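Predicted model only: the values in this text are computed from it and were never measured. Numbers here are sequence positions counted from 1.
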Amino acid sequence: MIRITEAAGAKMDEEFQRNHQANVGRVIVAAVQNHDRFVAQVQERVAHAVVQVRTTWAHYEQALGDIQEQLAAATMATFLAEQTPSRSPIGSAVPTSQPRSWPEIPIGLLVAQSATLIAIFYAGLLIPKGLPEAPTAERLRLAEQEGEAHRKTA
């Protein structure tokens, strides 16, 4: 039995040694092929992402150009409407305004309101803070307990 087992072991060892190099070669080739497939998939994904970024950038540039055109048209329309108010589509119903540096408040009213605000400010500064709080019976009792002498005045 032992000889049969030893013979079978020797046969298996010989078979292994004969096919070992071929098996290792097949494993190496399979690993390289798997790596090549993985690299190809990664490159394909990167290329797809680059195409998407470029497409998005092209849409952005187109939208930016459209917005700039609209802004330029609106600016020109505003400029022309200010320069020639008679050509506006509504006619004279559109009020034109000139930039003003002062509000439409009479100067006398402005001076009077400013003087009033200044007077209120100074009155707030001059009003005394109020009288100090008179000591209560409870405070007097606590002070006496602590040993402080208080003299009541009539």
Side-chain angles (χ1 to χ4, degrees), residues 12-13 16-17 19-154:
M12 287 173 53
D13 188 42
F16 174 77
Q17 291 299 330
N19 294 328
H20 176 65
Q21 294 235 343
N23 289 337
V24 169
R26 274 190 232 115
V27 169
I28 291 173
V29 168
V32 169
Q33 288 174 345
N34 284 338
H35 182 266
D36 288 344
R37 273 187 294 234
F38 178 74
V39 168
Q41 288 175 350
V42 168
Q43 286 178 345
E44 184 178 334
R45 288 178 184 165
V46 168
H48 183 67
V50 167
V51 169
Q52 284 182 334
V53 167
R54 183 59 192 137
T55 303
T56 304
W57 185 255
H59 290 306
Y60 166 75
E61 287 177 339
Q62 180 64 35
L64 182 63
D66 293 344
I67 290 171
Q68 287 176 344
E69 280 183 29
Q70 290 175 356
L71 180 62
T75 304
M76 286 302 297
T78 304
F79 177 74
L80 291 175
E82 286 180 356
Q83 294 299 320
T84 56
S86 62
R87 289 187 180 182
S88 64
I90 301 173
S92 63
V94 176
T96 58
S97 64
Q98 298 293 330
R100 297 182 183 163
S101 60
W102 289 95
E104 294 181 16
I105 298 173
I107 194 73
L109 182 62
L110 183 65
V111 170
Q113 288 178 347
S114 297
T116 304
L117 287 174
I118 292 170
I120 291 171
F121 175 74
Y122 281 115
L125 291 177
L126 297 176
I127 293 177
K129 291 187 177 185
L131 298 174
E133 187 176 313
T136 62
E138 179 68 24
R139 286 189 185 169
L140 289 174
R141 188 176 53 78
L142 289 174
E144 287 174 3
Q145 288 176 354
E146 292 176 4
E148 295 181 11
H150 286 281
R151 191 178 82 178
K152 292 186 180 181
T153 57

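- Counting non-hydrogen atoms of neighbouring residues, nucleotides and ligands closer than 6.0 angstrom, the CD atom of Gln52 exceeds 12 such neighbours.
- Residues passing the side chain to side chain donor-acceptor pair (under 3.5 Å) test with Asp36, sequence neighbours excluded: none.
- The line from CG of Leu126 to CZ of Phe121 is 10.0 Å long, rounded to the nearest 0.5 Å.
- In this structure Glu61 satisfies the side chain to side chain donor-acceptor pair (under 3.5 Å) test together with Trp57, sequence neighbours excluded.
- At a cut-off of 3.5 Å, with distance as the only test, no side-chain donor of Asp66 or Gln70 sits close to an acceptor on the other residue.
- To the nearest 0.5 angstrom, His59 atom NE2 is 14.5 Å from Leu64 atom CG.
- One distance of note links CG of Leu125 with CD1 of Ile120; it measures 12.5 Å at 0.5 Å rounding.
- Applying the ring-ring contact (aromatic ring centres under 6.0 Å, His included) rule to pairs touching residues 24-54 yields nothing, sequence neighbours excluded.
- Here CD1 of Ile118 is found 7.5 Å from OH of Tyr122. Values are rounded to the nearest 0.5 Å.
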### Query
So Gln113 and Leu117, side chain to side chain contact (heavy atoms under 4.5 Å, CB included) or not? Walk me through it.
CA-CA 6 Å; Gln113 288 178 347; Leu117 287 174; 5.7 Å; no
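- The 12-atom threshold is exceeded at CD of Gln17, counting heavy atoms of other residues, nucleotides or ligands nearer than 6.0 Å.
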